[in-house]
Novice: 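There's a structure below that I have some questions on.
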Amino acid sequence: MDKISDIKKNLKIYNSLTGKKELFIPINKDYVGIYVCGPTVYNHLHLGNCRTFISFDLVFRYLKHLGYKVRYVRNITDVGHLESDLEDKIFKKSRLEGLEPMEIVQKYTLSFHNLLSILNVQPPSIEPRATGHIIEQIDMIQKLIKKKLAYEMNGSVYFNLKEYEKFYPYGILSKNKTNQLVNKKFKITIVEKKNPQDFSLWKKASSNHIMSWNSPWGKGFPGWHIECTVMSTKYLGETFDIHGGGIDLKFPHHECELAQSIGAYNRKSLAHYWMHTNMLTLNGKKMSKSTGNSLGINDIYSFCEKKSFSPNIFRFFILKSHYRSVMNFTKKGLIHAEKEYTKIIESINILENFNSKTLKEKNNDNFFKIFFWIKKCYESINDDFNTPLLISNLFKVSHIIRHNINEIEKCHINLLKKYMTHFVFDILGLKKEEEQKTKSSSLSDNRLSILIERLIKFRMEARKQKNWILSDRIRKELSHIGVKLHDEKLF
RNA sequence: GGCACUGUGGCCGAAUGGAAAGGCAGAGGUCUGCAAAACCUUUUAUAGCGGUUCGAUUCCGCUCUGUGCCUCCA
């Protein structure tokens, strides 16, 4: 079997910048720097947002599994992200909810952290906030002004695209060309811009705008794109390994980040590998708060008519599709995922409780080629994090465990346990149910479970007495509260 | 209008220049007080038209379809 160091050498990542799958070679051997655009904390996350963070959680976990020392930076945008009417998202929400902007930020940051923890998404190494890096953002803007790549106009500062294009190509990430960017939707034109495609680096704040800071250009606040350039380079260096985010951020957000950093540091690219996760759709359309076409984690219960729901199932559902494919969220899809997930967990339980001492030594190497299977699993993830393919390999082994575990070589049982744990829990990041149960269990839960167990015993007695009316009634009642019973042969 | 991506059974979803995974569902069966579960067996697919090739679902071109982006979006 290949050593982990050999597996490490064969990781391929699809690079949005080049449009090709490329071998992953980090800038510094054994170290990886990754930056992912985090949320603007003006609302609760919807399931589409979760998809992106789950996808990058897998990347983070896998890189660590390969032995890399990973610095994962994921920001919190708490200022500067404007709505289409040019009002700051946070500021607008604070008006609507009657709260301080920072209360909004705190409220939705907590909600964000709580949700990701439920989904077993590991926290990043650094989670910087835009408002904590105002000075650095001003510094970078000044640097761009000095290079004549930005200009001040009435207390606001804009990036000068025409000037930039004299030295560097713009649109290398999105493949857009500035002269072909026809703006049909956007009705508001900012007259003070030299060019309609110039984007804001610093915005002058109106007198009633409480989210503002002093700057060389007067009171104002930073633009949306500059925070990411500043925070990624501050913690990862002027060029780093991986930059990620949702595909909807590719243009203009990532393109602008890229232009800012190339302009400020005169580098070829901000990151070597750009990764974009595709959209989670609902009714075939992108999930989006603003159009109302979105679901939150708590909406799953009513949407899928489910009484109980393990967040693991949603995580599994997400990982069942490749991160670069569009994925449609459906009730049927989630229910399928639940069935599939249960099978895999079932096989792990069998494996964990299996006493391999009862197995006899045999020479049955052809029955299940474990080293071949492990290799296949690694090849799947190494191929641009192909989790659907990994999961299909898990199904294959899960079938063998559930039906033919006695045929497996004795000396391979522990190996299988080890790698199932690696793939299912460490890499895919599914949470062991026992952990979840102990976390959520309380006194009343314990009492309830004792009661349920008594009822099951009571029903067993009824079955022994062939009291089918009573036993069926209990089965039906228990099924209503989500306790499913499976009978086996009694006599 | 421009750019990017996509199209595989009833559904989800892999792979591949040389017999098209896996799961769910369906059908038949075993088992069973019944239902379910479980197990065994099993039907069905590469959008269309060209080109390259001994051979294309895979590579190339065109058409069609769907999605995303084009200054709110993960």
Side-chain angles (χ1 to χ4, degrees), chain A residues 16 19 36-40 42-43 45-56 81-89 92 171 173-186 188 190 196-200 223-225 244-253 255-256 276-281 284-291 294 317 320-322 324-328 330 332-341 343-344 376 380 383 386-396 398-399 402-403 463 466-468 471-472 475-476 479 484-491:
Chain A
S16 305
V36 171
C37 290
T40 303
Y42 72 108
N43 215 329
L45 254 58
H46 60 64
L47 298 179
N49 304 127
C50 296
R51 180 182 187 191
T52 295
F53 300 122
I54 290 172
S55 299
F56 284 109
H81 199 165
L82 305 184
E83 298 261 336
S84 51
D85 57 5
L86 298 181
E87 191 171 10
D88 187 293
K89 279 173 181 287
K92 187 174 187 177
L173 183 63
S174 64
K175 319 289 185 270
N176 281 327
K177 292 184 175 63
T178 23
N179 56 359
Q180 283 170 336
L181 287 171
V182 183
N183 184 356
K184 277 186 176 174
K185 276 197 302 185
F186 202 67
I188 306 160
I190 302 167
Q197 271 93 34
D198 292 350
F199 52 89
S200 310
W224 176 34
H225 316 304
I247 201 167
D248 52 352
L249 295 185
K250 199 177 189 179
F251 190 88
H253 185 56
E255 197 72 81
C256 295
H276 290 100
T277 54
N278 218 319
M279 297 292 104
L280 183 67
T281 59
K285 292 278 173 195
K286 175 185 174 182
M287 270 203 201
S288 168
K289 270 266 153 61
S290 54
T291 55
S294 71
F317 170 80
K320 263 184 62 178
S321 88
H322 191 258
R324 282 191 291 120
S325 312
V326 174
M327 192 187 199
N328 196 30
T330 57
K332 216 171 153 185
L334 197 77
I335 290 168
H336 283 179
E338 182 175 27
K339 284 185 183 171
E340 293 169 347
Y341 168 78
K343 284 197 171 175
I344 288 176
K376 281 280 163 203
S380 310
D383 184 11
N386 195 334
T387 50
L389 193 54
L390 171 66
I391 288 170
S392 82
N393 283 311
L394 296 180
F395 280 129
K396 279 179 199 164
S398 134
H399 189 267
R402 283 180 295 124
H403 306 303
R463 287 185 72 225
K466 299 198 176 190
N467 188 346
W468 311 121
S471 73
D472 289 358
R475 182 174 60 197
K476 205 175 168 188
S479 133
K484 303 264 187 253
L485 294 180
H486 305 304
D487 289 341
E488 281 167 21
K489 213 171 178 176
L490 245 191
F491 304 104

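We name chains A, B, ... by the order of the sequence lines, and we start the count at 1 in each one.
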Novice: I want to verify a distance call: between B:A14, B:A74, B:G23, whose nearest atom is closest to the A:His336 side chain?
Specialist: B:G23
Novice: Side chain of A:Leu389 only, please: which of B:G13, B:A15, B:G68 is the nearest?
Specialist: B:A15
Novice: As a test of reading the structure: which of B:A74, B:C12, B:U71 is closest to the side chain of A:His46, going by heavy atoms?
Specialist: B:A74
Novice: Quick one: sort the A:Phe199 and A:His225 rings into parallel, tilted or perpendicular, breaks at 30° and 60°.
Specialist: perpendicular
Novice: Closest to the A:Lys285 side chain: B:G22, B:U67, B:G23?
Specialist: B:U67
Novice: Taking the side chain of A:Val326 as its heavy atoms from C-beta onward, which of B:C3, B:G13, B:U67 lies nearest to it?
Specialist: B:U67
Novice: What is the separation between atom CZ on A:Phe395 and atom P on B:C12, rounded to the nearest whole Å?
Specialist: 16 Å
Novice: Rounded to whole angstrom, note down the C1' distance from B:A20 over to B:G28.
Specialist: 25 Å
Novice: Within the structure shown, what part of the strands sits under 4.0 Å from A:Ser174 by heavy-atom distance: base, sugar-phosphate, or nothing?
Specialist: sugar-phosphate
Novice: OP1, OP2 of B:C12 versus side-chain N and O of A:Ser392: anything below 4.0 Å?
Specialist: no
Novice: Hey, does the side chain of A:Thr387 reach the backbone of A:Lys320 with a donor-acceptor pair shorter than 3.5 angstrom?
Specialist: no
Novice: Nearest-Å distance, CG (A:Leu249) to C1' (B:A4)?
Specialist: 15 Å
Novice: Ignoring the backbone of A:Lys89, work out which of B:A74, B:C72, B:G33 is nearest its side chain.
Specialist: B:C72
Novice: Measure the distance from CD1 on A:Ile344 to P on B:G13 and round it to the nearest whole Å.
Specialist: 16 Å
Novice: Tell me whether the side-chain N or O atoms of A:Arg475 pair up with the base of B:A36 as donor and acceptor below 3.5 Å, since no angle test is needed here.
Specialist: no
Novice: Indicate whether OP1 or OP2 belonging to B:C5 is found under 4.0 Å from a side-chain N or O atom of A:Lys175.
Specialist: no
Novice: Between B:G7 atom P and A:His322 atom NE2, what is the distance in whole Å?
Specialist: 13 Å
Novice: Could you state the interatomic distance from CD1 (A:Ile54) to CZ (A:Phe317), rounded to the nearest 0.5 Å?
Specialist: 10.5 Å
Novice: Is A:Asn49 close enough to B:A74 that one of its side-chain N or O atoms is under 4.0 Å from OP1 or OP2 there?
Specialist: yes
Novice: Examine B:A25: is either OP1 or OP2 under 4.0 Å from a nitrogen or oxygen in the side chain of A:Lys339? Give yes or no.
Specialist: yes
Novice: Between A:Asn278 (CG) and B:U67 (C1'), how many Å, whole number?
Specialist: 8 Å
Novice: B:U71, B:C34, B:A74: which one has an atom nearest the side-chain heavy atoms of A:Thr52?
Specialist: B:A74
Novice: Could you check how far CD of A:Gln197 sits from C1' of B:C3, rounded to whole Å?
Specialist: 14 Å
Novice: In terms of side-chain heavy atoms of A:Lys396, which of B:A74, B:C12, B:A21 is nearest?
Specialist: B:A21
Novice: Could you check whether A:Ser174 and A:Glu255, counting side-chain N and O atoms only, form a donor-acceptor pair closer than 3.5 Å?
Specialist: yes
Novice: Reading RNA chain B 5' to 3', how would its secondary structure be written in dot-bracket notation, given Watson-Crick and G-U pairs with both distances under 3.5 Å, brackets [ ] for crossing pairs and | for partners on other strands?
Specialist: (((((.(..(((.....[...))).(((((.......)))))....(((((..]....)))))).)))))....
Novice: Between A:Asn386 and A:Ser380, do the side chains contain a donor N or O and an acceptor N or O under 3.5 Å apart?
Specialist: no
Novice: Using the C1' atom as the point on both nucleotides, what is the distance between B:G13 and B:G55, in whole Å?
Specialist: 27 Å
Novice: Got a donor-acceptor contact below 3.5 angstrom from the A:Arg51 side chain to the A:Gly246 backbone?
Specialist: no
Novice: I want to verify a distance call: between B:A4, B:U71, B:A74, whose nearest atom is closest to the A:Phe199 side chain?
Specialist: B:U71
Novice: Under the 3.5 Å rule, do the base of B:G13 and the side chain of A:Asn386 count as making a donor-acceptor pair?
Specialist: no
Novice: Return the value, rounded to whole Å, for the distance between atom CG of A:Asn176 and atom P of B:C69.
Specialist: 13 Å
Novice: Give a yes or no on whether the backbone of A:Gly171 and the side-chain of A:Asn176 come within a donor-acceptor separation of less than 3.5 Å.
Specialist: no
Novice: For B:C34, does the base pair up with any side-chain atom of A:Arg463 as donor and acceptor (N or O, under 3.5 Å, distance only)?
Specialist: no
Novice: Within a strict 4.5 Å, meaning less than it, do heavy atoms of the A:Leu173 and A:Lys250 side chains meet?
Specialist: yes
Novice: Counting side-chain heavy atoms from CB outward, which of B:G68, B:C24, B:A15 is closest to A:Glu340?
Specialist: B:C24
Novice: Report the distance from atom CG of A:Asp248 to atom C1' of B:C5, rounded to the nearest whole Å.
Specialist: 14 Å
